[in-house]
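In what follows, a single structure is set out as structure tokens and then discussed.
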Amino acid sequence: VTDIELRDSGATEAAGQTSTALEPAPGLLPGELRPHPSPVRYVLIAVVLVAITAGEVSLYYLEGTLSDAVIVPLLLISMALKFGIVAAWYMHLRTDKPIYARFFILGIVAAITLFGIVLVGLEILS
Amino acid sequence: MATIEQAPPPQAPAGPTHGGDSHPPTSTGASNTKLAIWLFLASDCLFFGAFISAYLLYRGRPQLGPTPAKVYSIPFTSVSAFVLLMSSLTMVLALAAIQRGDLRRLRIWLLSTALLGSVFVSGQIYEFTEFSRKGLGLSTNLFSSTFFVLTGFHGAHVTIGIIWLLSLWVLATQGRLTQADAEKVEIAALYWHFVDVVWIVIFTLVYLIPTK
């Protein structure tokens, strides 16, 4: 258990002591658990994102050569991968407190649920 | 007569600092401004989720007018997707710059991001004009209505982001944006990256997945 996790646990507050849970560790900004990546790493992530995008576009041109049953899942996986990389690294969900990620995931789950409800609703109506 | 002694106001404990600027502590230990933008982004997921759902539900249905396969230019849209991805990189570099107090690079990266965003929006305007030339208007069919509303609202989000970034750039050039204001840039960056991830979804679901 790291020092940060201990501070986040609220154990000090429960003990009635002066809370230090609200203060970030030295060198960190509020809401950060770990330092943000370096600029060099940001560039490397961009290279990965561009490579995945190039792969996606290549898949599009393989339509007819490859079955849609192969292309569509691969495109969806690539999309999810790019989404996850940007959210985790550029939006710092990987290094920030999990409360931010929880809010974001809540929104995504709500959006997917909405799509499911509309889809089922239209199927029933038609 | 007893006098009522007024207790001195409680001293707020030293809160977390952000580049030297002190903030009052919060019950979550996280900045309220940052929490607010994440809540907004969560609600925006629903906003775009509704439009993407509508597009996906209607695009495969038989209808009058040009079909997606006839109007889309994948090479052109791929370049637009690349431009927006690169703008996410310049945005995160702007944030890294202000966090280490490098205000010169902050100005360069902020302006680069705004310019890349402008290139993206210009491409979208060109695309819409081309579609219109090919006979696909907002009310031509269900595909066109849902397509224009979805991509149009995304373009509006990018435009708002550009205005936001240019405002920050103006503040930075006037010396009114310092290392202590890193959170202001971080909030704008979160919004900008969200616009990028929404485009990642639109690019795949709307443009790349084959239509029957």
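Chain identifiers are assigned alphabetically (A, B, ...) following the order of the sequence lines, protein sequences preceding nucleic acid strands; residue numbering begins at 1 within each chain.
Of all the heavy atoms in A:Met79 and B:Val201, the pair that sits closest is SD-CA, 3.7 Å. Closest non-hydrogen pair, A:Leu75 versus B:Thr204, comes out as O-CG2, 3.6 Å. Considering every non-hydrogen atom in both B:Gly49 and A:Ala111, the closest pair reads CA-CB, 4.1 Å. Residues A:Tyr90 and B:Leu89 approach most closely at OH-CD1, 3.5 Å, considering heavy atoms. Listed here is the closest heavy atom pair of A:Ile108 and B:Cys45: CG1-SG, 3.9 Å.
Only the side chain of B:Leu56 comes within less than 4.5 Å of a heavy atom of chain A; its backbone N, CA, C and O stay farther away. Looking at A:Ile52, there are no atoms closer than 4.5 Å to chain B (heavy atoms on both sides), in backbone or side chain. The part of B:Ala96 that comes within reach of chain A is its side chain, from C-beta onward, which places non-hydrogen atoms under 4.5 angstrom from that chain. For B:Phe194, the parts sitting under 4.5 Å from any heavy atom of chain A are the backbone and the side chain alike. Both the backbone and the side chain of B:Ala50 come within contact range of chain A, each with at least one heavy atom under 4.5 Å from a heavy atom of that chain. The contact between B:Ser88 and chain A is made by backbone and side chain atoms together, counting heavy-atom distances below 4.5 Å. In this structure, no portion of B:Met91 lies under 4.5 Å from any heavy atom of chain A. Interface residue B:Leu57: only side-chain heavy atoms are found under 4.5 Å from chain A.
Between A:Phe83 atom CZ and B:Asp196 atom CG the span is 10.0 Å, to the nearest 0.5 Å. Rounded to the nearest 0.5 angstrom, A:Leu49 CG and B:Ile200 CD1 are separated by 6.5 Å. Atom CG of B:Leu35 and atom OH of A:Tyr100 lie 5.0 Å apart (nearest 0.5 Å). Here the straight-line distance linking atom OH of A:Tyr60 with atom OH of B:Tyr72 works out to 9.5 Å at 0.5 Å rounding. Taking CH2 from B:Trp38 and CD1 from A:Ile105, the interatomic distance works out to 9.5 Å, rounded to the nearest 0.5 Å. Taking OG of B:Ser53 as the reference point, atom CG of A:Leu119 lies at 8.5 Å (rounded to 0.5 Å).
Between B:Trp109 and A:Pro39, every side-chain heavy-atom pair lies at or beyond the 4.5 Å cut-off. Under the 4.5 Å side-chain criterion, counting only non-hydrogen atoms from C-beta, B:Leu41 is not in contact with A:Phe103. Taking 4.5 Å as the limit, some side-chain heavy atom of B:Lys34 sits within range of a side-chain heavy atom of A:Asp96. By the 4.5 Å heavy-atom criterion applied to side chains, A:Tyr61 and B:Ile74 are counted as neighbours. With a 4.5 Å cut-off on side-chain heavy atoms, A:Val57 and B:Phe203 count as touching. Here the side chains of B:Phe82 and A:Thr53 are not in contact, with every heavy-atom distance at 4.5 Å or above. For the pair A:His92 and B:Leu95, the minimum side-chain heavy-atom distance is below 4.5 Å. Side-chain contact between A:Phe115 and B:Ile52 is absent, with no heavy-atom pair separated by less than 4.5 Å.
Summarising the local packing, CZ of B:Phe76 is surrounded by more than 12 heavy atoms from other residues, nucleotides or ligands at distances under 6.0 Å. Atom NZ of B:Lys134 is surrounded by more than 12 heavy atoms from other residues, nucleotides or ligands within 6.0 Å. Residue-environment remark: CZ (B:Phe128) exceeds the threshold of 12 foreign heavy atoms within 6.0 Å. Crowding of B:Arg100 atom CZ: a count of heavy atoms from other residues, nucleotides or ligands under 6.0 Å exceeding 12.
Applying a 4.5 Å heavy-atom cutoff, none of the residues of residues 153-167 of chain B approach chain A.
Here B:Ser122 pairs with nothing under the side chain to side chain contact (heavy atoms under 4.5 Å, CB included) rule; sequence neighbours left out.
For the options A:Val50, A:Leu106, A:Val43, heavy-atom pairs under 4.5 Å to chain B are most numerous at A:Val50. When the candidates B:Val92, B:Val198, B:Leu93 are compared by the number of heavy-atom contacts under 4.5 Å with chain A, B:Val92 comes out ahead.
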